[in-house]
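Written out below as structure tokens is the structure these notes cover.
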Amino acid sequence: MRLFLALITLLTLAGEAAAQSKGKGIRLWNLTTETISGFQLSPAGKTEWGPNQCLNDKDKEVDHDERLRITGVEPGRYDARVSYPNARQCIVRDIEIKADAVFSIADKDLKDCTK
């Protein structure tokens with residue numbers, strides 16, 4: 001009986017740990033100095049921009065030091081088009097995105113900016 005109870009306890013704890021690790025998903029950490037209003041991904045080296053991931057956020061923007069849940073994206077290497085409320089757009093090249101992990105972008109990563 002003790003073995004049975006120990007097994008049930010172990011399975012319950014394992015299930016809780018698995019549930020906690022799920023749901024984190026892929027997240028962007030905005031380390032730029034500005035609020036981002038648009039964040040689109042494309043396979044690295046292409047310009048096949050996906051949907052604006054900022055729409056996943058409550059206020060549709062990602063403030064400095066805020067994290068954003070990224071949806072509909074498989075792990076891999078991507079370029080990102082980053083847009084700001086002042087109409088400026090920049091590209092971030094060759095971002096490695098891993099499953100259930102956080103990736104960040106900072107001002108030094110921004111390239112080819114336009115106003």
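Model, not experiment: these values are computed from the prediction. Throughout, numbering of the chain's residues begins at 1 and tracks the sequence.
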Heavy atoms only: give me the nearest [X]-[Y] pair and the separation to one decimal.
| X | Y | result |
| --- | --- | --- |
| R27 | R69 | CG-CA, 4.0 Å |
| A44 | D94 | CB-OD1, 4.1 Å |
| S37 | Y84 | OG-C, 3.2 Å |

Output a table of donor-acceptor pairs, distance under 3.5 Å, between side-chain atoms of residues 86-93 and any protein atom two or more places apart or on a different chain; print 'none' if there are none.
from: N86; atom 1: OD1; to: R88; atom 2: N; distance (Å): 3.0
from: R88; atom 1: NH2; to: E34; atom 2: OE2; distance (Å): 2.9
from: Q89; atom 1: NE2; to: S83; atom 2: OG; distance (Å): 3.2
from: R93; atom 1: NH2; to: D112; atom 2: OD2; distance (Å): 2.5

Rounded at 0.5 Å granularity, tell me how far [atom1] in [X] sits from [atom2] in [Y].
| X | Y | atom1 | atom2 | value |
| --- | --- | --- | --- | --- |
| R67 | L28 | CZ | CG | 10.0 Å |
| N30 | T35 | CG | OG1 | 7.0 Å |
| I97 | I26 | CD1 | CD1 | 6.0 Å |
| Y78 | I70 | OH | CD1 | 10.5 Å |
| D109 | I95 | CG | CD1 | 7.5 Å |
| E74 | L41 | CD | CG | 12.5 Å |

Walk me through it: do D100 and K24 pass the test salt bridge (charged side-chain N to carboxylate O under 4.0 Å, His left out)? CA-CA 6 Å; D100 293 321; K24 287 187 178 183; over 6 Å; no

Does D57 use its side chain to pair, donor to acceptor, with the backbone of L68 at less than 3.5 Å? no

Are any side-chain N or O atoms of E61 and backbone N or O atoms of C54, one a donor and one an acceptor, separated by less than 3.5 Å? no

Partner of Q40 under side chain to side chain donor-acceptor pair (under 3.5 Å), picked from Q53, R81, E48, is R81

Any chance you could lay out the side chain to side chain contact (heavy atoms under 4.5 Å, CB included) test for I36 and I105, step after step, and finish with the verdict? CA-CA 11 Å; I36 294 172; I105 60 168; 3.8 Å; yes

Hphob cluster co-occupancy, V73 + V62, side-chain heavy atoms under 4.5 angstrom: yes

Heavy atoms of other groups near W29 CH2, more than 12 under 6.0 Å: no

